[in-house]
Amino acid sequence: MAITTMIGAKIHRREDPRLVSGEGRYIDDFTRPGTLFLSVVRSPHAHARIKSIDITAATKAPGVVAIYTHKDFAKVIAGTMPAAPAFVAEKKQIPPRFPIADKEVAYQGEPVAVVLTETKYQSTDAANLIEVDYEPLPAVMDLEHALDANAPKAHSNAPDNVGWDLTYIPEDANVMKEADVVVKQRILQQRLAPTPMEPRGVLAEYSRPDASMTIWMSSQNPHFIRLFLAGALGIPETRIRVISPDVGGGFGSKISPYSEDYLVPAAAKLSGRPVKWIETRTESIQTTTHGRGQYFDVEAGAKKDGTLVALKVTQYLDIGAYVGTFGAFQACACLLSTGAYNWKHVSARTVGILTNRVPTDPYRGAGRPEATHLCERMIDLLAEAIQMDPAAIRRKNFITEFPHTSHFGLVYDSGEYEKAMDKAMEIAGYEKLRREQEEARKKGRYLGIGISSWIEICGFGPSAGTAPATGGIALVESAQVRVFPTGSVTVYVGTHSHGQGHDTTFPQIVADTLGVPYDMIELRHGDTAEGPAFGYGTYGSRSLAVGGMAVHKASKKIVDKARKLAAHIFEAAEEDVEFDQGHFYVKGSPDKRKALGEIAFASFGAGLPEGMEHGLEAVAYYDPSNFVWPFGTHIAVVEVDAETGAVDLQRYIAVDDCGNVINPMIVDGQIHGGIAQGIAQALFEEVVYDDDTGQMKTGTLTDYMIPTMNEFPLFELDRTVTPSPTNELGVKGIGEAGTIASSAAVINAICDALSPFGIKHVDMPASPDRLWNQIKASRGASHNGKEARK
Amino acid sequence: MKHKVATTVNGRRHEHEVEARLLLVHYLRDVVGLTGTHVGCDTSQCGACTILVDGNAVKSCTMFAVQAEGKSLTTIEGMAKDGELHPLQQAFWDEHGLQCGYCTPGFIMAASYLLSQNPNPTEDEIRKGLEGNLCRCTGYVNIIKSVQSAAKAMNGSKAKAGEHSAAARRS
Amino acid sequence: MIPAAFEYAKASSVEEAVKLLGKYGEDAKVLAGGHSLIPLMRLRLAQPKALVDINGIKELDHIKEDGSKLRIGALTRHVTLQNSNVVKDKLPLLAEVAGEVGDNQVRNMGTIGGVVAHADAAGDYPTIALMLDAEIVTNRRTIAAKDFFTDIFTTPLEADEIVTEVVFPVANGPHKYIKFRRRLFDWAIVGAAAQKMNGGWRIGLTNVGSTPVRAKAVEEALQKGAKPEEAAQQASEGLNPSGDLRASPEYKKHLARVLTKRAIEQAG
């Protein structure tokens, strides 16, 4: 019998007392006796040939124990770094990538040498003394011209800069002809630096006698790192232990293995001492993978009555100098580009382009924010073209029948898109806002209202869909539940919590499934030495819908075995034994009941049924039957200062639906943070390189603009609940939803505000200078403050 | 050349010989051994390293340990008293004012300074008072709520932060 | 990141500080609030051989009324200026500007002398000092603000000369400083200050060139009775700002005009 006392409750987080007390343990808080500090010497050039490396002066610097370059690492690191073929079948070029450069560097920040010293301060000093002689090579910085015949090559021995070129669905020009209006737009997705507040870091200790390696690192998926390192270092997984302790944010940037993840353990092996490296913020912005970095050429057609006809999408994606381990995942923007709507036809092509910038890889949303942004922008452009209200055109075209099979063969599991939009419009006071906008315009003030009705594919993922994308390992999830003799329970999971609150939410699930008091349940994660043989990590809003289900499944195995034992103890038939609120009893005799804890105790004792093993523990791997598809509508209200181009984001309303909710407080928190990151993309953040020199110009938080709390309003949240039919808990993911929805809402609001100027589209970030330039252009050359034409 | 530095950290006296260039945050973390104060940037922006120096909020990555000679320092580890969380710590817990927790010590220290200067800040005063701290997880909504809730609790309002949370927390 | 090693000495008087600076020569730097210097040192964009710490010189931390003048000790922290009743009364514009520098943590450490001596064109105090004809007093002379800010990060200060005081005129008429930026704790993309004084206006601009700018053409136009909007059109006259990540030269000139107009209109 299902009981739901904990699921859905606002339970405060267990990890918080530790974290608010300064007793969180992040990577830089760990050390081992005799630890050496490693600094990385990096290429200052976007593209150059390494002529020589002179370590003479550095060798003599105080505290220097060793200096290693490619030739040293080549002895202990085998093979190249992994790049998943992902959703792009026709891969054309994956440049081989070794963790440290040999003859040629292909992006600013690529490692060239490392220095190991006795103290942290010495390592920076010594690294500055290593002299590398470079011969600069022409760099590929201009995405739009990178495929020109005369363009420089990102790698000097490469035939061209095409990483991939794949047409998912070819164009059918005849369908577009059915449209009364066709709008075209190029839409930029600027490069973003994920910028978790805790930069990356690695501490490695190698035991020669045991031939074993222990690695502490700030990672979203320690098991994958162990898998990759086992192969590269030639150490069996059984002798590599990866521990990912408290992690200060990831946002996708701590999924893939990095150069330092190989170099630090290898340096520990070479030097025979524990070695630690902690990324600086500048290193983080320069060398941790970036998100987005794309532009789209899009055409959309509709009938005069608002019926959507056809969408044509071409994605040009800046891969960077090497294909990120999960970099090709971002091509999923094409697959989600139709959004929440019925289109008669869609065509899509993705082109991945190699450049001399740091690789791109998943960043919160990874492909899906891009999809929402382009779809929701095109919907607004169509609405404008046919003079229809943006809400009305959405309402007219929403998908209403589920399951819905998309043009790309993906199956949307459930949704009530209109309901969420209605609720958002009601909270916003949509009609009233439109009237206020009208009044404000008369006074020369430019209010804008932006709608973004988003959908998402998440919960990665069904083995059939994901194994080809990862090179063979399905993104299923594992859990182990162990019941101790007195009835306390430890749960081990393969996901990793770095802010998502799994320590609290997963025990909520177990408490309901086992009927054991919540306080008797502990969650453990982030240590490959514990729990099932493999875990798949946390990203892609998968932890609950896949990992939570693995926990639920393992818990049910516990109940199944305990029921057998209870039947034996009651001397009853198994099918006559009821389980309710954590107690077993024989049908009709609820007074004579035994708690799960009592059965657990019995399972370690004598007199078990014939053939039953002792103990009460279970491992489960959960392979979902489908992805899950959360959705919702966000509304942004802005005022643009037409004189300066400054945007005042006045209100932000979000109604989201992630199916059943385990812990509403945590769900809301995830949405808050996601919205903030999407707004940050819309208004503030951009990684900028100098196109001539290839040097990054935004290498500190002075120039890479993470917003402060002064740049956001208090978000107004509500939800609808449409359970997922995909899993027994009825849950969907929510970690990325806010980011997926919000950039489009803000930009649509700005475009709406500026429509009296004839401005139809604004690229991101919508900085004051960018908007001022557009407003100025629309007004002609005049800059004397004369207000816009009506 | 090493310099003697004597400080009081969370009420305990410390004396060490340090290099002049040792940043105060590294002194606290690596010399005194208090790792609750974090480093999140190189340029004095993020505020993760915020501590109190003689009661004033300071970014400890932008001060040398030698400058702390004779000063009284308070870090996040010094906030709880007799095993009881400080009202700000309690409020961040109650209001879900943190996710990954990395920026949290800096926020709590900056907020404690803010409340020492202005015990009843408005929402705008909280925003302005914490402009020097960056958070990447929360969108700041619940941080603002946390500071409001702590201010109430510290002003002895009936709505004590601890009471409503105890029931909800069920622990 | 980690600064390069340096020698460190504490001075307890101006004389001692000057002596120490003389000893270390050109490669020495004064350490006051450190909020410009230390980040540069961490990025190793600055690598002084020695730092002379003047934070212990108590005599440099003062706010004194002196007839029609307000004498601000070089070590006065932004937070002190922001909250000082004397400053709020005699030169409220300065208190307003102090409250817009950096953030609380920065304001607790940063000093007016440090900002002035650093002479960053994006600094806020230099604009106020220039437009109000403030004087910068050092251990050996008094320099008019108009002669002090000679180029970006460049002043007439000698290697062994330190700023001891900034002397402002008293001015408590209508005033406004508008610091235009994207994030609240950022430097000004452009800043504009307006101060009504002695029957006329003083107008200053931040970050529109290699030094702070006094917009005399605007002041004169206002004197002749031009409306703020008309007068403000003169704000960009003669400006030659360099572009950066946040703004093109043209946009900065535009902001100079718009913000000047608004500062005059909003001055209260």
Side-chain angles (χ1 to χ4, degrees), chain A residues 6 9-26 28-29 120-121 194-199 246-251 278 280-282 498-501 518-519 665-666 668-677 679 700-702 706-710 712 714-715 738, chain B residues 19 21-22 26 29-30 34-46 48 75-77 79-80 85-86 88-90 92-94 96-105 108 123-124 126-128 130-145 165 168-171:
Chain A
M6 298 305 289
K10 176 186 175 185
I11 309 291
H12 287 74
R13 301 199 320 168
R14 290 180 159 174
E15 53 270 60
D16 287 358
R18 170 176 94 238
L19 300 178
V20 299
S21 302
E23 290 181 28
R25 291 292 173 256
Y26 301 90
D28 197 19
D29 304 337
K120 172 158 58 187
Y121 279 37
T195 323
M197 290 319 298
E198 184 203 25
D246 286 328
V247 168
F251 314 115
I278 300 293
T280 68
R281 179 55 65 194
T282 296
H498 35 278
Q500 298 89 340
Y518 169 76
D519 290 340
M665 177 190 81
I666 286 174
D668 289 353
Q670 289 295 308
I671 294 169
H672 287 157
I675 290 171
Q677 283 181 3
I679 294 172
T700 69
L701 292 182
T702 313
I706 307 290
T708 78
M709 66 167 66
N710 291 276
F712 300 112
L714 293 177
F715 311 134
Chain B
E19 246 189 306
R21 63 169 163 163
L22 181 68
H26 291 142
R29 291 179 52 83
D30 303 335
L34 296 172
T35 57
T37 305
H38 298 147
V39 181
C41 75
D42 310 317
T43 48
S44 205
Q45 247 91 27
C46 80
T75 69
I76 188 69
E77 291 92 342
M79 293 298 278
L85 292 180
H86 184 278
L88 270 163
Q89 294 173 311
Q90 184 70 46
F92 270 71
W93 185 12
D94 291 341
H96 191 29
L98 64 149
Q99 289 180 28
C100 82
Y102 195 74
C103 71
T104 310
I108 289 176
E123 184 189 318
D124 276 352
I126 292 170
R127 290 175 183 277
K128 169 93 173 137
L130 298 179
E131 66 182 311
N133 293 74
L134 297 175
C135 169
R136 195 64 160 156
C137 293
T138 62
Y140 302 107
V141 175
N142 289 343
I143 293 180
I144 293 170
K145 282 190 198 163
S165 64
R169 192 172 307 110
R170 306 189 195 179
S171 58

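Just so it is clear: chains get the letters A, B, ... in the order the sequence lines come, proteins before strands, and each one is counted from 1.
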In chain order, what residues pass the side-chain contact (heavy atoms from CB on, under 4.5 Å) check against A:Arg25, with sequence neighbours excluded?
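So A:Arg25 forms a side-chain contact (heavy atoms from CB on, under 4.5 Å) with A:Glu23, A:Asp29, A:Phe30, A:Asp246, B:Thr35.
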
Could you check whether any side-chain N or O of [X] sits under 3.5 Å from a backbone N or O of [Y], counting only pairs where one atom can act as donor and the other as acceptor?
X	Y	answer
B:Asp42	A:Thr282	yes
B:Arg136	A:Met197	no
A:Arg281	B:Val39	no
A:His498	B:Cys100	no
B:Tyr140	A:Phe712	no

Distance in Å, B:Cys137 SG paired with A:Gln500 CD, rounded so as to fall on 0.5 Å steps:
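It comes to 8.0 Å.
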
Nearest 0.5 Å, what's the CZ-OG distance between B:Phe92 and A:Ser21?
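So the gap between those two atoms works out to 12.5 Å.
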
Check whether A:Ile666 gets within reach of chain B through its side chain, its backbone, both or neither, counting any heavy atom under 4.5 Å.
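Interface part for A:Ile666: both.
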
Considering only heavy atoms, which portion of A:Gln670 lies under 4.5 Å from any heavy atom of chain B: side chain, backbone, both, or neither?
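Looking at A:Gln670, backbone and side chain both touch chain B.
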
At a heavy-atom separation under 4.5 Å, does [X] approach chain A through its side chain, its backbone, both, or neither?
X	answer
B:Gln99	both
B:Leu85	side chain
B:Thr104	side chain
B:Ile108	side chain
B:Ile143	side chain

If you count heavy-atom pairs within less than 4.5 Å of chain B, which of A:Pro196, A:Gly669, A:Gly674, A:Pro199 leads?
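Sorted descending by pairs with chain B, the first entry is A:Gly669.
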
Counting heavy-atom pairs under 4.5 Å with chain B, which one of A:Tyr121, A:Phe715, A:Phe251 comes out on top?
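Looking at each of A:Tyr121, A:Phe715, A:Phe251 in turn, A:Tyr121 comes out on top.
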
Restricting to non-hydrogen atoms, name the atom on [X] and the atom on [Y] that form the minimum distance, rounded to 0.1 Å.
X	Y	value
B:Gln45	A:Thr702	OE1-OG1, 3.0 Å
A:Asn710	B:Glu131	ND2-CB, 3.4 Å
B:Leu98	A:Leu19	CD1-CB, 3.6 Å
A:His672	B:Val141	CE1-CG1, 3.6 Å

With heavy-atom distances below 4.5 Å as the criterion, would you say the side chains of B:Glu123 and A:Leu714 are in contact?
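Heavy-atom side-chain distance check passes, below 4.5 Å.
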
Minimum side-chain heavy-atom gap A:Asp28-B:Arg29 below 4.5 Å
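A:Asp28 vs B:Arg29: side chains touch.
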
Name the option with the most non-hydrogen atom pairs under 4.5 Å to chain A; the candidates are [options].
options	value
B:Thr43, B:Asn133, B:Asp30, B:Ile126	B:Thr43
B:Leu130, B:Ile76, B:Leu34, B:Asn142	B:Ile76
B:Arg21, B:Gln89, B:Arg127, B:Lys128	B:Arg127
B:Lys145, B:Glu77, B:His26	B:His26
B:Asp124, B:Ile144, B:Leu22	B:Leu22

